[in-house]
Number of protein chains: 2
Amino acid sequence: MNSKAGYSSLSSPLQSGLHKSGLRLTPQRKKVLDLFQRIGSSNHLSAEEVHAHLLQMKSRVSLATIYRTLRLLVKMGFLHQLELSEGGHRFELLSKDHPDHHHLVCINCGRTEEFESEEVVSAGRKAAENKGFKLIESTLNVRALCPQCI
Amino acid sequence: MNSKAGYSSLSSPLQSGLHKSGLRLTPQRKKVLDLFQRIGSSNHLSAEEVHAHLLQMKSRVSLATIYRTLRLLVKMGFLHQLELSEGGHRFELLSKDHPDHHHLVCINCGRTEEFESEEVVSAGRKAAENKGFKLIESTLNVRALCPQCI
DNA sequence: TTACGTGCAAACCCTTTGCATTCCG
DNA sequence: CGGAATGCAAAGGGTTTGCACGTAA
């Protein structure tokens, strides 16, 4: 039933999420989210890169629409926006089997590794509690040099 | 010998650091660093804000020079560049009595609190070790809502 | 049919840069 | 004096927006 050949014509999470807010499922929105799902959750793409990837698969989506769509998908919780690069943001798929994680970035070549850490999560939680803040998310960015760049 | 009551005419850290590299101590560079020292290490200023603060104290320093100076002071280790705001970078004074610390930011009003955490520091260190990276710095950014904005 | 969404280009914000002039050492 | 630094304005990169047309529901 739910195999590779079968496809879920019955309202994808994206479609139902959109409809709930009176928004529409457009081919462009579908293509952008599909791209992230196809490349997996460990990839971090910039808006320009999303644009380029789609072009490669013969889908011309304007950059303006890509920016609008990325913002929307972040707000809807499908994507996560990273703050790690110097020039511009990057986005990654947010999935259950790939929860709270942090990034180790080589400041020389940009290579990025991910890791998880319960201590970091609890440190963020404690900090928020101490100051009376309501936690939204905490992200640890580790700037470093990768083996090749040392 | 010394004219006024106790002043350190003998080469400030800024001056000696600059001279070591064949660079010069200019009034502009002095004013920017002085500003950060005057407001203390818990303030996070954007380039525009530095510009405005200096104007208030009747010092016109061009924005271009402020950007150049901020980059220089970061490279020299006097300032630290934060990655937390959506629009543009912020800078803070780096001092010994105010070491490794992290930021709790209200995503609504921008209010920022600082905190320290040994667990976070060691989590970053471990992550770098595990992947064979050479650690440079690790910063935890906690996005949250402050009491007033909840 | 009718909002909502798209594409295009212009506008925007933050930051950097080229160049003539100023000025530190 | 000579090279470094400044100020100005223009250029630059990433992102947003106004508007007319296209299109999902």
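Here is the naming used below: chain letters follow the sequence lines, and residue numbers restart at 1 for every chain.
Rounded to an integer number of Å, the gap from NE2 of B:His51 to P of D:dC8 is 9 Å. As rounded to whole Å, 13 Å separates atom C1' of D:dG14 from atom CD of A:Glu49. Atom CZ of A:Arg90 is separated from atom C1' of D:dG14 by 12 Å (rounded to the nearest Å). Summarising the geometry, the separation between CD on B:Glu48 and P on C:dC12 is reported as 16 Å, rounded to the nearest angstrom. Per the geometry, NZ belonging to B:Lys31 stands 11 Å off P belonging to C:dC24, to the nearest Å.
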With the sugar-phosphate defined as primed atoms, P, OP1 and OP2, and the base as all remaining atoms, what B/S/- string results for nucleotides 20-25 of chain D, 5' to 3', for protein heavy atoms under 4.0 Å?
---BBS

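Partner of A:His44 under the side-chain hydrogen bond (donor to acceptor under 3.5 Å, both in side chains) criterion, chosen from A:Gln81, A:Glu114, A:His89: A:Glu114.
Checking side-chain atoms of B:Arg71 against main-chain N and O of B:Ile66 turns up no donor-acceptor pair under 3.5 Å. B:His103 contributes no side-chain N or O that, together with a main-chain N or O of B:Thr112, makes up a donor-acceptor pair within less than 3.5 Å. Between the side chain of B:Ser16 and the backbone N or O of B:Ser12 there is at least one donor-acceptor pair closer than 3.5 Å.
For the pair B:Ala64 and B:Leu18, both in contact range of DNA chain D, the more 5′-proximal nearest nucleotide belongs to B:Leu18.
Between A:Phe115 and A:His102, the ring planes are tilted. Angles from 30° to 60° get that label.
No hydrogens or angles considered: a donor-acceptor pair under 3.5 Å links the side chains of A:Glu92 and A:His101.
Crowding of A:Lys30 atom NZ: a count of heavy atoms from other residues, nucleotides or ligands under 6.0 Å not exceeding 12.
At least one side-chain nitrogen or oxygen of B:Gln28 sits closer than 4.0 Å to the OP1 or OP2 atom of D:dG7. For the OP1/OP2 pair of D:dT15 and a distance below 4.0 Å, the side-chain nitrogens and oxygens of A:His89 include at least one atom meeting the criterion.
When hydrophobic clusters are built by joining Ile, Leu, Val, Met, Phe, Trp and Tyr residues whose side-chain heavy atoms come closer than 4.5 Å, directly or via intermediates, A:Leu140 is not grouped with A:Val105. A:Tyr67 and A:Phe91 are assigned to two separate hydrophobic clusters, defined by single-linkage of ILVMFWY side chains at heavy-atom distances under 4.5 Å.
Side chain of A:Leu63, nearest nucleotide from C:dT15, D:dT15, C:dG7: D:dT15.
Each end of the helix from C:dT1-D:dA25 to C:dG25-D:dC1 gets its own rotation axis from five pairs of C1' atoms, and the angle between them is 40° to the nearest 10 degrees.
Ionic pairing of B:Lys126 and B:Glu119 is not present here: no N-O contact between side-chain nitrogen and carboxylate oxygen is shorter than 4.0 angstrom. Between A:Arg90 and A:Glu49 there is a salt bridge, with a side-chain nitrogen of the basic residue lying less than 4.0 Å from a carboxylate oxygen of the acidic one.
A heavy atom lying under 4.0 Å from DNA chain C marks the following residues of residues 65-76 of chain B, by number: B:Tyr67, B:Arg68, B:Arg71.
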